[in-house]
Amino acid sequence: MEVALKDILLTKGKEWLGIDIDPSWIQFQPTRKGVRGDVTLMVFSFAKALQLPPAEVAERIGKHVKSEVSFVADYEVIQGFLNFVFSETLWSDQLISINQNDSFGIAEPNSKQLVMVEYASPNTNKPLHLGHLRNIFLGYAVAQLKKAYGHQVIKTQVINDRGIHICKSMLAWHRFAPLQSNGERETPANSGLKGDKLVGKYYVEFEKHLQLEVKEVLARWNAGDFSNTSAAALEKFQELNLALVGKDEKAQAAISDKIKELAKNETEILRAAKDMLVRWEGRDPETYLLWSTMNGWVYEGFDVTYQRMGVDFDKLYYESDTFLLGKDQVMDGLARGVFYQKPDGSVWIDLTPDGLDEKLVLRADGTAVYMTQDIGTAIERFHDYPALSGIVYTVGNEQDYHFKVLFLILQKLGYAWAADCFHLSYGMVDLPSGKMKSREGTVVDADDLMEEVVNAATVMTQERGQIAELSETERSVLFESIGMGGLKYYLLKVDPKKRMLFNPEESIDLTGNTGPFIQYTHARINSLLRKAGSIQFDESALVIEFGEIELIKLLAAFPQTIAESADNYSPAVLANYLYELTKAYNSFYQQSPILTETNEGLRAARLLISKNVAKVLKTGLTILGINAPERM
RNA sequence: GGCUCCGUAGUUCAAUGGAUAGAAUAGAAGUUUCCUAAACUUUAGAUAUGGGUUCGAUUCCCGUCGGAGCUACCA
């Protein structure tokens with residue numbers, strides 16, 4: 001509709017107004033609620049160019065459009081806003097065409113380019129937590145959105161399966177896992193503990209012992225005992241100690257932290273973990289076996305979690321495979337002068353001309369850092385998928401700087417596709433008690449949380465659900481759908497860019513702006529349709545009144561909502577649309593009889609609207625990764 | 001210190017530079033002889049602050065105040 005109006009304005013505008021029309025003047029928006037009209041043209045730009053009052057210009061355009069455009073029944077001018085009123089037949093035609101399209105809102109599959117969406121990307125030393133849930137639901141929903149918008153999509157993750165953090169868990173397990181009567185140490189099989197939980201437990205164990213040792217080292221240092229301390233550490237310690245004098249409290253705390261950090265590196269246990277990393281990189285068989293065994297446990301655990309979350313991946317990248325890939329690229333870039341080498345052998349890039357810092361890309365000992373690996377992985381991906389038109393990295397906003405640097409480096413290395421890499425940066429999830437901190441035990445475990453929301457949904461649904469006809473299995477599927485639906489919606493309805501607060505009580509709410517509210521409406525419509533049987537109607541006899549138009553308008557906005565949501569990498573746009581639609585429908589449902597309506601044309605129109613609202617809700621929820629139960 | 005992001009009802013969230021700043025929740029008052037009351041209706045309540053640009057600013061620019069993140073030869 002807007003396109004047609006724009007065309008006629010461009011072709012006839014000069015004739016009507018006597019000046020050339022600049023396309024940028026033509027700005028439409030949906031007519032404001034409570035004002036008569038369907039679409040609004042803003043005429044301020046026209047008025048400025050013509051040097052006439054906006055209302056007068058609007059009146060002139062409106063008169064011409066009304067007489068020359070068939071679907072414009074009327075117009076109304078309010079200040080600089082020209083509101084067009086569309087004809088009733090237009091709306092009934094819209095409803096019929098929406099009804100005929102079973103995949104309404106979904107673009108032709110693979111009609112757009114191939115994109116890769118990376119999400120999850122966990123470390124293999126501890127279980128997934130609430131922060132991962134936002135990441136994973138978001139990444140999955142964006143992948144689904146891109147698909148719905150016509151893109152071919154590859155879902156991927158990089159598994160951070162190597163490094164000092166893994167060695168910490170390995171070492172702690174090796175040292176502290178109790179030996180059982182059959183000579184085995186604790187495993188998922190013999191303890192019944194989920195693999196990722198078990199490994200995480202030993203990571204915590206490591207940190208505990210580390211803290212104890214740090215205390216001991218500090219006590220020794222303060223007592224003047226520097227045996228077992230490296231000369232460099234001693235020198236640094238004395239320097240920091242001197243720096244403490246005469247500083248304010250805040251500065252002193254910062255220095256104390258640095259001293260602690262120094263002491264950490266002098267502990268036996270951390271040295272042992274570092275030794276282990278060296279042995280791992282040297283492919284020491286025993287270390288390698290331990291590493292692959294414990295990672296295997298973690299993957300089994302993650303699989304269970306991912307399955308419950310309802311997400312999957314098309315392609316996995318393991319850091320242990322890719323961490324060396326970037327090295328060649330760095331050496332190549334060094335030869336071409338993109339990077340430079342310091343006397344100690346470390347390789348850097350100077351980004352100060354771009355307003356950033358100098359950044360390390362390869363350690364003095366020749367080993368890879370995070371950045372090295374990411375350079376390599378990105379290039380590898382474009383090798384693996386030559387048709388790839390871009391990568392979406394779903395990673396928290398604390399890494400904004402990292403990705404800015406990464407994309408800049410890729411660009412400087414001469415990869416034109418660097419411009420097609422996008423950091424989908426999302427905000428942290430806070431708890432009412434403040435930030436999640438693993439050290440303080442305030443982390444919300446993903447499995448525990450999912451269990452909790454499903455339990456809550458179970459209780460509530462048993463209280464008020466219409467589930468008498470459902471079997472035991474169907475019920476448990478339903479409880480799962482409602483609990484998980486609520487959780488997903490709760491995390492997805494907020495603009496991804498924004499930091500959000502996770503309130504455990506609100507996350508299991510069923511009323512208001514929640515997933516179950518939308519699911520409920522969908523189920524209720526299905527119940528209505530079951531009772532109605534097949535819908536017989538005469539296309540030309542449909543009766544459309546004001547209340548119906550509001551809903552058809554909303555339905556018609558679904559495809560552009562998908563587009564906007566996909567373009568902005570924001571499932572929240574879609575979530576909020578579904579909520580608006582649900583609210584509007586519920587209000588309509590309350591005041592308009594449907595099955596009992598005696599006017600055949602009106603009854604048919606209302607049934608068609610109901611059916612298509614349910615269709616759109618289901619399509620939309622599915623994109624968000626949320627189930628839409630038939631009854632609840 | 002430097003860089004980046006964020007300040008909207010009591011609370012949690014909305015609003016491509018547009019009309020009277022929307023919802024939810026908590027509060028107050030209502031709606032079941034009728035299609036699922038997990039619903040609906042009514043009511044009260046907010047743009048941190050000072051400037052600027054604009055016909056028009058929650059939105060863009062500058063300052064102030066408040067909060068967060070980054071600033072590792074960790075990933």
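Please read these numbers as outputs of a predicted model, since none were measured by experiment.
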* Cation-pi geometry met for A:Arg134 and A:Tyr426 (6.0 Å, 45°) ->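 No - A:Arg134 does not lie over the ring of A:Tyr426 by the 6.0 Å and 45° rule.
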* **Within 45° cone of A:Trp348 ring axis and under 6.0 Å: A:Lys359 NZ or CZ** =>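 Here A:Lys359 fails the 6.0 Å and 45° test against A:Trp348.
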* To do: Please test A:Thr31 against A:Thr40 for side chain to side chain donor-acceptor pair (under 3.5 Å), starting from the C-alpha separation and ending with a verdict.
  => CA-CA 5 Å; A:Thr31 301; A:Thr40 297; 2.8 Å; yes
* Are A:Arg499 and A:Asp430 within salt-bridge range, i.e. N to O under 4.0 Å? ->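 Judged by the 4.0 Å cut-off on N to carboxylate O distance, A:Arg499 and A:Asp430 do form a salt bridge.
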* Asked: Among B:C35, B:A38, B:C13, which is the nearest nucleotide to the side chain of A:Val494?
  ->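 Looking only at side-chain atoms, A:Val494 lies closest to B:C13.
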* Of all the choices, B:A19, B:C73, B:C35, which nucleotide is nearest to the side chain of A:Asp344 once you look at every atom? ->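 Of the candidates, B:C73 comes closest.
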Determine the interatomic distance between [atom1] on [N] and the same-named atom on [M]; round to the nearest Å.
N     : M     : atom1 : value
B:G63 : B:G22 : P     : 32 Å
B:C34 : B:U20 : P     : 44 Å
B:G10 : B:U4  : P     : 32 Å
B:A28 : B:C70 : P     : 43 Å
B:U53 : B:C61 : C1'   : 7 Å
B:G17 : B:A57 : C1'   : 7 Å
B:G52 : B:C13 : P     : 33 Å
B:C65 : B:U49 : P     : 16 Å

* **Dot-bracket encoding per residue of RNA chain B, Watson-Crick/G-U cut-off under 3.5 Å, | denoting interstrand** => (((((((..((((....[...)))).(((((.......)))))....(((((..]....))))))))))))....
For [X] and [N], give me the distance from atom [atom1] to atom [atom2], rounded to whole Å.
X        : N     : atom1 : atom2 : answer
A:Asn576 : B:U16 : CG    : P     : 11 Å
A:Leu82  : B:G18 : CG    : P     : 18 Å
A:Gln466 : B:A39 : CD    : C1'   : 12 Å
A:Tyr489 : B:C13 : OH    : P     : 14 Å
A:Met500 : B:A68 : CE    : C1'   : 16 Å
A:Phe517 : B:A37 : CZ    : C1'   : 12 Å
A:Gln591 : B:U42 : CD    : P     : 9 Å
A:Leu277 : B:C74 : CG    : C1'   : 11 Å

* Worked check of side chain to side chain donor-acceptor pair (under 3.5 Å) between A:Asp365 and A:Thr367 -> CA-CA 6 Å; A:Asp365 62 7; A:Thr367 58; 2.6 Å; yes
Just call it for [X]: base, sugar-phosphate, or nothing, with non-hydrogen atoms closer than 4.0 Å on any strand.
X        : result
A:Ala523 : base
A:Leu501 : sugar-phosphate
A:Tyr589 : base
A:Ile164 : sugar-phosphate
A:Asn586 : sugar-phosphate
A:Asp495 : sugar-phosphate
A:Tyr401 : sugar-phosphate
A:Arg631 : base
A:Glu319 : sugar-phosphate
A:Asn83  : base

Any [X] side-chain N or O less than 4.0 Å from OP1/OP2 of [N]:
X        : N     : result
A:Asn123 : B:A75 : no
A:Thr367 : B:C73 : no
A:Arg363 : B:A72 : no
A:Lys359 : B:A72 : no
A:Thr511 : B:U25 : yes
A:Lys33  : B:A19 : no
A:Arg32  : B:G18 : no
A:Arg499 : B:G67 : no
A:Lys583 : B:A24 : yes

* To do: Please examine the side chains of A:Ile61 and A:Phe46, heavy atoms only from C-beta on, and report whether any two atoms are closer than 4.5 Å.
  =>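 Sidechains of A:Ile61 and A:Phe46: in contact.
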* To do: Write out all pairs satisfying side-chain hydrogen bond (donor to acceptor under 3.5 Å, both in side chains) with one or both partners inside residues 478-495 of chain A, taking only residues at least two apart or from two chains.
  =>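 Only A:Arg308-A:Glu480, A:Ser481-A:Asn627, A:Tyr489-A:Asn513 qualify under side-chain hydrogen bond (donor to acceptor under 3.5 Å, both in side chains).
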* **Worked check of side chain to side chain donor-acceptor pair (under 3.5 Å) between A:Arg162 and A:Asn295** => CA-CA 9 Å; A:Arg162 57 129 234 151; A:Asn295 271 344; over 6 Å; no
Between the protein and nucleotides 52-56 of chain B, list every N/O to N/O distance that falls short of 3.5 Å.
none

About how many Å separate [atom2] of [Y] and [atom1] of [X], when rounded to the nearest 0.5 Å?
X        : Y        : atom1 : atom2 : answer
A:Glu319 : A:Ile166 : CD    : CD1   : 8.5 Å
A:Glu358 : A:Ile349 : CD    : CD1   : 10.5 Å
A:Leu528 : A:Arg530 : CG    : CZ    : 9.5 Å

* Asked: How about A:His165 and A:Tyr203: are their ring centres within less than 6.0 Å of each other?
  ->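 No; A:Tyr203 has its ring centre 6.0 Å or more from that of A:His165.
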* To do: Tell me whether the centres of the aromatic rings in A:Phe407 and A:Phe422 are closer together than 6.0 Å.
  =>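 No, the ring centres sit 6.0 Å or more apart.
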* Asked: Between A:Leu510 and A:Trp348, which has a closest nucleotide on RNA chain B that is more 5'?
  ->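 Of the two residues, A:Leu510 wins.
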* To do: Between A:Leu528 and A:Asn503, name the one whose nearest nucleotide on RNA chain B is closer to the 5' end.
  =>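 First, find each residue's nearest nucleotide; the 5'-ward one identifies A:Asn503.
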* Asked: Is there a stack between A:Tyr520 and B:A39, judged by ring centres under 5.5 Å and planes under 30°?
  ->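 Stacking is absent between B:A39 and A:Tyr520, given that the ring centres and planes do not meet under 5.5 Å and under 30°.
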* To do: Please confirm whether the backbone N or O of A:Val158 pairs with a side-chain atom of A:Ser121, one donor and one acceptor, at under 3.5 Å?
  =>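 Looks like yes, one N/O pair under 3.5 Å.
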* Any donor-acceptor pair under 3.5 Å joining the side chain of A:Thr40 to the base of B:A19? ->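 Pair found.
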* Where the chi angle of B:U32 falls, syn if within 90° of 0 and anti if not ->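 What B:U32 shows is a syn base, its glycosidic angle lying within 90° of 0.
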